[in-house]
Asker: 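Below are the structure tokens for one structure; questions will follow.
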Amino acid sequence: MALSSHAREEIQALPPHYPQLRSAVMPALDIAQEELGWLPKEAMVEVAELLNLDTGYVEGVATFYTLFHLKPVGPHHFYVCTNLSCAFRGANDIVAHIRERTGLKEPGDISEDGLFSLDEVECLGACEYAPMMRYEHAYHYDLTPEKIDALIDAARAAKTASKEGGADAS
Amino acid sequence: MPAELRGSHGDSAGPVLTRLFGTPGLHTLSVYREHGGYAQLRRALTSLKPEDVHAEVKASGLRGRGGAGFATGVKWGFMPPPDGGPRYVVVNADESEPGTAKDRYLMENSPHMVLEGICLACFAIGAHDAWIYIRGEYDGPYARLNEAIAELRGEGIVGDKPFGSDFPLNIHVYRGHGAYICGEETALLESLEGKRAQPRSRPPFPAVKGAWGRPTLLNNIETLATVPWIVEHGGAEYAKRGTERSPGTRMMSVSGHVQRPGNYEVELGVTFEHVIMELAGGPLPGRTLKAFWPGGCSAPVLPASMLNVHTDMEALAAAKSMGGSGGVIVMDDTWCMVRAAARLLQFYAWESCGKCTPCRIGGDWAVRTFTRLLDGTGGAVDLEILDRIQDGLQNGRCLCGLGDSAGWVIMSSMRHFREEYEAHARGECELCGMRQEVAASA
Ligand SMILES: Cc1cc2nc3c(=O)[nH]c(=O)nc-3n(C[C@H](O)[C@H](O)[C@H](O)COP(=O)(O)O)c2cc1C
Ligand code: SF4
Ligand code: FES
């Protein structure tokens, strides 16, 4: 089993919130992904079992939507918008800067320190703050190389601190 | 939440949606109520009939702000008579049309205005449950809506007896998971039902067979956010604003190469000159405007020489474009149109749900053709190919509007900027230097 008993309970409690069972599939996948960081096949099988759905059906849904990660991503994942309004304001330079600072090259890569990954995404609906991105469940606006550096440094410092403090390294 | 409000507020506040924006704490129930919030819902639930609310919306002439511009009052009238079973109001907060940020702006700044509009729509069509479908990336607005709904529960406004009436109200929020097509209404319903978001063929229309097979009213966030004002002041008062066939005000998200990008509430019928040059401050220093997409990237692009076009839907149709989502994307002379169009085709190809052949194949084919034009390996024949692709994508050959939109990008950019395409076909473009970058970053 990939999921904790807590996550399993949460998933089993979902169906009554929806007029039909199937609507619970994406919220259930969210719970699984929140816990695991991504959706391995076993997690989809488990979600299917918990909701009494066909595994193929759950996989079909998980593979359709881009916010479900079918491969592992870093704990710090950049979603940088590169659609027009952001591209006009320098989004491509921001992407290049993130690549340079983290060593990320191909889409789907995780940086060597295990911390970062990057997706170039379509318009995130905050074009007046271009260039912008989603990072750690929040929007970051008016991006500059300096702002990116600050985030990267903070993530690295947190990792070092947690190692030094003897806590589980993330 | 954004530190700084960009758009209509204070002195420049629009007359209907944004008049209170900038008021500290407007997103809380107490401040919203201090300014008259929920008075219309209370009045409706305690002393109006559903038909009264519907009649005002009809009289207002309000047209949907999601993209298609369909008359809201007419749409509400499609709901069949009650049959004793459930029916739903489904609210489109997917907001994924590139260049469009206004639903986010409304939800962040005044979630209760949005929710009051939703409750009024529920009352008018006899639905006790509303489902807000919000794009998954909107963490902030999602939290804000949930906080606001929790406040309403605490006060019993969402509950079994709002304002002591016998009209139970419940509001649910459902998160999307990153797919542009979920904004299309039937794909949205599929997604809400927990399926892959592929559009359904119509009929049956959502009014007859919508969410979970039940009668459903589907409207955009901004459309419903306008309803409390209409109920308060009357449809006739709303209709005094704007033009005869495009009444009222609408939000315009202005972005790209302008000095003051932001969300501005404008009276329909003002010119793009006003929106882009005055409200958004015009071009960046030393630059000249080249083009603008007047209603999201799916609305055919117009050259800067057409800034005098008016914002009402009829004027835009006459200019061979459309009002669409109200997202105004502005581009200046530092960018190459072929490169911009290529980036948009990359978007449509990636977001195609794959159900219809012309859209599934045509998008990728266009991207490959654009790539040749961009990297200098293309030629005049590629312009003919693009012409064939755009025709194949349009005119009812695809099930939903995504295919048409992809075709319009090619068609309109070639119509107004043919010489840039020809330069690329010859392998020479001073603006982008024939860099491959855009198409390669897919
Ligand atoms: C490809 C495509 C994407 C769309 N995206 C959105 C969207 O993100 N938000 C929205 O409100 N409407 C969107 N629409 C329009 C909806 O299908 C629908 O017309 C609208 O939500 C109805 O609400 P309204 O009448 O209040 O405008 C889209 C349409 C198409 C064809
Ligand atoms: S036009 Fe494209 S997005 Fe729309 S249903 Fe057909 S394949 Fe899907
Ligand atoms: S284009 Fe980047 S947020 Fe809209």
Side-chain angles (χ1 to χ4, degrees), chain A residues 14-15 17-30 33 51 53 57-69 79-89 91-92 95-96 107 119-130 132-139 141-142, chain B residues 2-3 6-7 86 88 95-101 103-105 129 135-140 172 174-180 182 191-198 211-212 214 253-257 261-263 293 297 327 329-332 335 340 343-344 347 350-351 353 437-438 441-442:
Chain A
L14 287 171
H17 294 283
Y18 305 96
Q20 285 177 12
L21 170 74
R22 281 172 187 236
S23 296
V25 68
M26 281 187 264
L29 289 169
D30 275 341
Q33 176 160 293
L51 294 178
L53 291 166
Y57 178 79
V58 174
E59 273 181 54
V61 171
T63 53
F64 186 87
Y65 295 93
T66 57
L67 289 181
F68 292 126
H69 301 300
Y79 296 90
V80 184
C81 171
T82 57
N83 209 300
L84 277 193
S85 303
C86 284
F88 289 165
R89 312 282 298 209
N92 293 333
V95 169
D119 265 334
E120 287 181 44
V121 298
E122 300 299 350
C123 178
L124 288 172
C127 325
E128 77 269 38
Y129 301 104
M132 62 75 61
M133 68 177 178
R134 180 175 186 240
Y135 177 77
E136 300 184 333
H137 295 291
Y139 276 11
Y141 293 142
D142 301 319
Chain B
R6 286 196 190 149
Y88 302 105
E95 191 155 65
S96 311
E97 173 71 16
T100 316
D103 296 335
R104 192 204 87 246
Y105 186 75
D129 288 273
R135 64 177 301 178
E137 296 89 342
Y138 274 179
D139 308 283
H172 317 256
Y174 195 87
R175 301 188 85 169
H177 287 83
Y180 168 64
C182 291
S191 184
L192 184 59
E193 293 179 8
K195 302 175 189 151
R196 293 164 72 90
Q198 292 188 311
W212 303 287
R214 298 294 308 164
S253 310
V254 191
S255 67
H257 291 137
N263 289 292
W293 284 259
C297 73
I329 308 170
V330 182
M331 182 171 106
D332 70 23
W335 256 70
R343 179 62 185 84
L344 292 181
F347 163 73
W350 168 252
E351 297 292 351
C353 83
E437 190 182 300
V438 163
S441 66

Asker: For chain A, find which of B:K195, B:R175, B:E351 contributes the most heavy-atom pairs closer than 4.5 angstrom.
Answerer: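 The answer is B:K195.
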Asker: Which atoms of B:A211 come close to chain A, meaning under 4.5 Å heavy atom to heavy atom: side chain ones, backbone ones, both, or neither?
Answerer: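 Looking at B:A211, nothing touches chain A.
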Asker: Which bit of A:A130 comes within less than 4.5 Å of chain B, counting heavy atoms only: side chain, backbone, both or neither?
Answerer: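 For A:A130, no heavy atom lies under 4.5 Å from chain B.
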Asker: Could you tell me if the ring centre of B:F347 sits under 6.0 Å from that of B:Y180?
Answerer: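 Yes, ring centres under 6.0 Å apart.
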Asker: Which heavy atom of A:L124 sits nearest to which heavy atom of B:Y138, and what is that distance?
Answerer: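 Reported closest heavy-atom pair: O-CE2, 3.2 Å.
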Asker: Measuring heavy-atom distances to chain B, does A:A87 have an atom under 4.5 Å in its side chain, in its backbone, in both, or in neither?
Answerer: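 Answer is both: backbone and side chain atoms of A:A87 are under 4.5 Å from chain B.
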Asker: B:Y88 and B:W212: aromatic ring centres closer than 6.0 Å?
Answerer: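 Under 6.0 Å, so yes.
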Asker: State plainly whether the residues B:R135 and B:D103 are in salt-bridge range, i.e. N to O under 4.0 Å.
Answerer: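 Salt bridge absent between B:R135 and B:D103.
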Asker: Only pairs of heavy atoms separated by less than 4.5 Å count here; which of A:Y65, A:Y18, A:Y57 has the most with chain B?
Answerer: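 Ranked by heavy-atom pairs under 4.5 Å with chain B, first place is A:Y65.
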Asker: For the candidates B:Q198, B:H172, B:E193, B:E97, which exhibits the highest count of non-hydrogen atom pairs separated by less than 4.5 Å from chain A?
Answerer: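 Of the candidates given, the most pairs with chain A belong to B:E193.
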Asker: Against chain B, work out which of A:G125, A:C81, A:P27 has the most heavy-atom pairs shorter than 4.5 Å and name it.
Answerer: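 Answer, by heavy-atom pair count under 4.5 Å with chain B: A:G125.
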Asker: Please look at A:V95 and chain B and tell me whether the side chain, the backbone, both or neither of the residue comes under 4.5 angstrom of a heavy atom of that chain.
Answerer: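 No part of A:V95 comes within 4.5 Å of chain B.
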Asker: Can a salt bridge be assigned to the pair B:R214 and B:D129 using a cut-off of 4.0 Å between side-chain N and carboxylate O?
Answerer: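 Looking at B:R214 and B:D129, the cut-off is not met.
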Asker: How long is the span from the SG atom in A:C127 to the CG atom in A:N83, to the nearest 0.5 Å?
Answerer: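 It comes to 8.0 Å.
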Asker: Honestly, is A:R134 close enough over A:Y79, meaning NZ or CZ under 6.0 Å from the six-membered ring centre and within 45° of the axis?
Answerer: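 Positive - A:R134 is close enough to the ring of A:Y79 and near enough to its axis.
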Asker: Do NZ/NE/NH1/NH2 and the carboxylate oxygens of B:R104 and B:E137 come within less than 4.0 Å?
Answerer: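 No, no charged N to carboxylate O under 4.0 Å.
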Asker: Measure B:C297 against the heavy atoms of chain A and call it side chain, backbone, both or neither at under 4.5 Å.
Answerer: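 Contact with chain A involves no heavy atom of B:C297 at all.
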Asker: Does the side chain of A:M132 reach to within under 4.5 Å of the side chain of A:Y139, using non-hydrogen atoms?
Answerer: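 A side-chain contact exists here, since the closest heavy-atom pair is under 4.5 Å.
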Asker: Quick check on A:V25 against chain B: is it the side chain, the backbone, both or neither that has a heavy atom closer than 4.5 Å?
Answerer: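 Contact with chain B is through the side chain of A:V25 alone.
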Asker: Need one label for B:T100: side chain, backbone, both or neither, based on atoms under 4.5 Å from any heavy atom in chain A.
Answerer: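 Just the backbone, heavy atoms under 4.5 Å.
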Asker: Looking only at heavy atoms and a cut-off of under 4.5 Å, which of A:L29, A:D142, A:T63 has the most pairs with chain B?
Answerer: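 The answer is A:D142.
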Asker: As an exercise: rank A:C123, A:S85, A:S23 by heavy-atom pairs under 4.5 Å with chain B and give me the winner.
Answerer: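 Result: the option with the highest number of such pairs is A:S23.
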Asker: Please flag which part of A:D119 lies under 4.5 Å from any non-hydrogen atom of chain B: side chain, backbone, both or neither.
Answerer: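 Neither part.
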